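Before any comments, here is the structure.
Note that the numbering runs from 1 along the sequence shown for the chain. Worth saying up front: this structure is predicted, and the values here are computed from it rather than measured.
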Amino acid sequence: MADLVLGPLQRFADETQATVWVETDAACEVTVLGGSARTFHVHGHHYALVQIDGLEPGTTSRYEVALDGTRVWPPVDDPDPPPVIRTRSGPDTRLTFGSCRGAAPLEPPWTLEKWQDERGLGPDALTAYAQRMVDADEDAWPDLLLLLGDQVYADDASPQTRAFIRERRDVDAPPGEEIADFEEYTQLYHESWSQPLVRWLLSTVPVAMIFDDHDVIDDWNISQRWVQTMRATSWWDGRIVGALVAYWIYQHLGNLSPAALHDNELYARVREAHDAGDILDDFARTADEHPDTVRWSFERDLGDTHLLVVDSRAARILDEPDRDMLDAVEWQWLERQMDAPTRRLLIASSLPILMPRSVHDVERWNQRIAGGAWGRRAARWAEKIRQEFDLEHWSAFPDSFAHRMRLIAAVTLREDPPDSITLLSGDVHHAYVSRLEVPDG
């Protein structure tokens with residue numbers, strides 16, 4: 001009999017529809033609130049994304065997960081509240097966002113000393129937020145949880161994941177105790193999403209996600225020279241293929257609406273295959289080598305709010321000196337989405353768009369030198385500085401930054417501008433708020 005390995009994760013919810021993602025240990029039929037889906041198979045793992053239709057707007061529905069008709073979730077005598085699906089009603093949206101979560105083995109009491117592991121991680125904000133939700137009235141819960149990058153750390157795994165790696169291969173060979181392939185990525189996601197309170201939170205609040213560098217490796221796609229160095233190694237192909245296959249399954253698939261899933265040719269092929277591992281491996285390799293063949297960016301309509309989540313990692317053009325954060329296809333998509341009428345516009349990127357002025361100027365200066373403004377020797381020196389200090393935000397792509405600002409200005413100056421435009425980001429491991437003023441003209 002099949003059993004639940006990971007999930008349920010609630011990935012999408014609007015006024016009448018929802019999707020719920022699960023991983024199981026065998027092929028089966030997954031049923032949630034009358035919706036059902038057959039699992040698909042990838043390299044020995046089984047997954048399903050259940051689509052639920054016909055819900056009533058503004059309602060809260062408790063749900064259970066059944067595999068081949070047998071209830072498997074929530075467990076009997078589960079101390080956490082039952083998982084629910086809450087459909088939207090009305091124009092307003094409450095959104096909670098964050099980034100950069102390095103999973104660690106966690107257990108109560110919720111104190112810094114108890115939560116600290118050998119990497120020096122402090123309290124887990126996601127678990128703390130889940131605990132606050134348990135104690136709060138349902139009306140105070142968010143309508144969407146938005147995770148802006150580094151959901152897992154492939155280049156800085158926990159002691160438990162490193163032990164798993166040592167059991168299956170020789171860590172004296174590259175990439176050592178870092179993640180090497182799809183199987184090791186599955187271990188990362190299991191560790192990150194299995195903590196009971198986090199599991200309950202992800203089962204109850206719709207969650208959208210986008211990657212950043214540590215989901216693959218630090219400095220991912222920071223420059224063309226970096227890409228050439230990585231592709232010359234013996235282990236990079238396994239790493240990037242495993243990373244993008246895992247990302248497609250564990251993160252990207254659930255970002256799509258039911259309508260987008262219906263039109264997704266790759267999803268249809270994966271569901272029809274006996275083992276879709278080779279299909280997804282080929283897809284991932286092509287996506288890395290030809291990023292304009294896939295779009296990781298996505299959008300959500302949230303009442304009177306239009307959310308745009310922009311891929312600022314995989315869609316880059318890295319040829320010096322004409323670097324661009326997004327390729328032409330991605331810019332066209334973003335421009336169309338920003339032109340759509342809305343009361344509130346939210347633009348999310350894993351990398352900050354507005355940095356403190358001093359950092360902005362340093363990144364812009366570094367890009368000029370790395371692009372050859374002072375000659376080849378200075379360019380090599382600037383490249384080392386760029387990689388050492390992670391100088392890769394939007395201000396390190398000056399033309400892209402200017403293009404983005406012009407798009408925002410154009411939206412504010414049209415006849416029917418949004419009441420507000422908000423930029424959300426992650427990556428920098430501290431919080432700040434900036435206000436952008438756009439002068440007329």
Side-chain angles (χ1 to χ4, degrees), residues 98-102 119-122 148-157 174-179 210-233 236 239-240 243 310-326 348-405 423-434:
S99 70
C100 307
R101 180 173 179 262
R119 294 176 294 164
L121 295 181
L148 292 177
D150 297 342
Q151 275 66 259
V152 293
Y153 275 67
D155 49 4
D156 187 16
E177 292 185 336
E178 296 185 11
I179 300 302
I210 191 72
F211 46 43
D212 199 31
D213 55 344
H214 291 285
D215 290 274
V216 179
I217 190 172
D218 188 28
D219 295 337
W220 178 33
N221 283 346
I222 192 172
S223 67
Q224 186 62 41
R225 186 169 297 177
W226 181 93
V227 170
Q228 293 169 350
T229 299
M230 288 297 103
R231 289 180 177 173
T233 67
W236 174 247
R239 172 74 151 267
I240 189 62
V310 181
D311 163 24
S312 52
R313 278 290 171 186
R316 296 177 176 184
I317 301 297
L318 298 174
D319 298 331
E320 302 282 4
D322 302 318
R323 287 156 47 94
D324 205 327
M325 186 68 85
L326 307 178
S349 164
S350 66
L351 293 174
I353 299 169
L354 295 176
M355 296 289 284
R357 174 55 67 91
S358 58
V359 178
H360 178 103
D361 291 343
V362 166
E363 292 198 328
R364 188 182 180 105
W365 169 78
N366 175 266
Q367 166 56 26
R368 285 278 294 162
I369 300 173
W374 290 4
R376 292 183 179 180
R377 180 176 298 180
R380 290 194 294 270
W381 169 74
E383 174 67 26
K384 291 180 180 179
I385 292 177
R386 175 158 59 191
Q387 295 189 29
E388 178 67 24
F389 294 99
D390 295 340
L391 304 180
E392 54 176 333
H393 304 96
W394 280 83
S395 46
F397 293 76
D399 291 342
S400 306
F401 176 84
H403 190 175
R404 173 62 72 87
M405 292 298 103
L423 311 179
L424 305 177
S425 61
D427 180 70
V428 293
H429 291 208
H430 67 275
Y432 64 93
V433 178
S434 299

message: If only side-chain N and O atoms count, and only distance matters, is there a donor-acceptor pair under 3.5 Å linking Gln151 with Arg101?
response: no
query: Are side-chain N/O atoms of Ser400 and Asp324 paired as donor and acceptor at under 3.5 Å?
result: yes
field: Pairwise side-chain contact, Asp361 with Arg357, heavy-atom cut-off 4.5 Å (strictly under)
entry: yes
- prompt: Out of curiosity, Met325 CE to Ser312 OG, how far, rounded to the nearest 0.5 Å?
  reply: 5.5 Å
message: I'd like to know if the side chain of Glu383 pairs up with that of Gln387 as donor and acceptor (distance under 3.5 Å, no hydrogens or angles considered).
response: yes
statement: dist Gln224:CD -> Ile317:CD1 (nearest 0.5 Å) comes out at 9.5 Å
query: If we only count heavy atoms from C-beta on, is the Pro352 to Val428 side-chain gap below 4.5 Å?
result: yes
- request: To the nearest 0.5 angstrom, please state how far the OG atom of Ser223 sits from the CG atom of Asp319.
  value: 11.0 Å
message: Do Asp212 and Trp220 have side chains that approach each other closer than 4.5 Å (heavy atoms only, starting at C-beta)?
response: no
Spacing of Ile385 atom CD1 and Asp390 atom CG [to the nearest 0.5 Å]: 13.0 Å
- prompt: When the ring centroid of His393 is compared with that of Phe401, is the distance short of 6.0 Å?
  reply: no
- prompt: Asp155 and His214: side-chain donor and acceptor closer than 3.5 Å?
  reply: yes
- request: Kindly give the heavy-atom pair with the smallest separation between Thr229 and Thr233, and that separation in Å.
  value: O-CG2, 3.5 Å
- line: Closest non-hydrogen contact found for Glu392 with Ala396 is CA-CB, 3.7 Å
message: Can a donor-acceptor pair be found, under 3.5 Å and without considering hydrogens, that links the side chain of Arg386 to the backbone of Ala370?
response: no
- prompt: Distance-only, no hydrogens or angles: does the Asp219 side chain make a donor-acceptor pair with backbone N or O of Ile222 under 3.5 Å?
  reply: no
Nearest atoms (heavy-atom pairs only) where Ser395 meets His360: CB-ND1, 3.2 Å
task: Could you pull out all residues at least two apart from Ala348 that satisfy side chain to side chain contact (heavy atoms under 4.5 Å, CB included)?
output: Leu146, Leu148, Leu307, Val309, Leu424
- prompt: Taking the six-membered ring for Trp, are the ring centroids of Tyr432 and His430 within less than 6.0 Å of each other?
  reply: yes
- request: Verify the ring-centre separation between Trp226 and Trp236: is it less than 6.0 angstrom?
  value: yes
- request: Report yes if some heavy atom in the side chain of Ile217 is under 4.5 Å from a heavy atom in the side chain of Ile179; otherwise report no.
  value: no
Exercise: identify the closest heavy-atom pair between Asp311 and Leu326: O-CD2, 3.1 Å
- request: For residues Val216 and Arg313, determine if any side-chain heavy atom of one lies less than 4.5 Å from a side-chain heavy atom of the other.
  value: no
query: Is there side-chain contact between Trp394 and Ser349, with at least one heavy-atom pair below 4.5 Å?
result: yes
- prompt: Is any side-chain heavy atom of Val227 less than 4.5 Å from a side-chain heavy atom of Arg316?
  reply: no
task: Please answer whether the main-chain N or O of Ala382 pairs with a side-chain N or O of Asn366 as donor and acceptor at a distance below 3.5 Å.
output: yes
message: Looking at Arg376 and Gly372, would you say the former's side chain and the latter's main chain have a donor-acceptor pair under 3.5 Å?
response: no
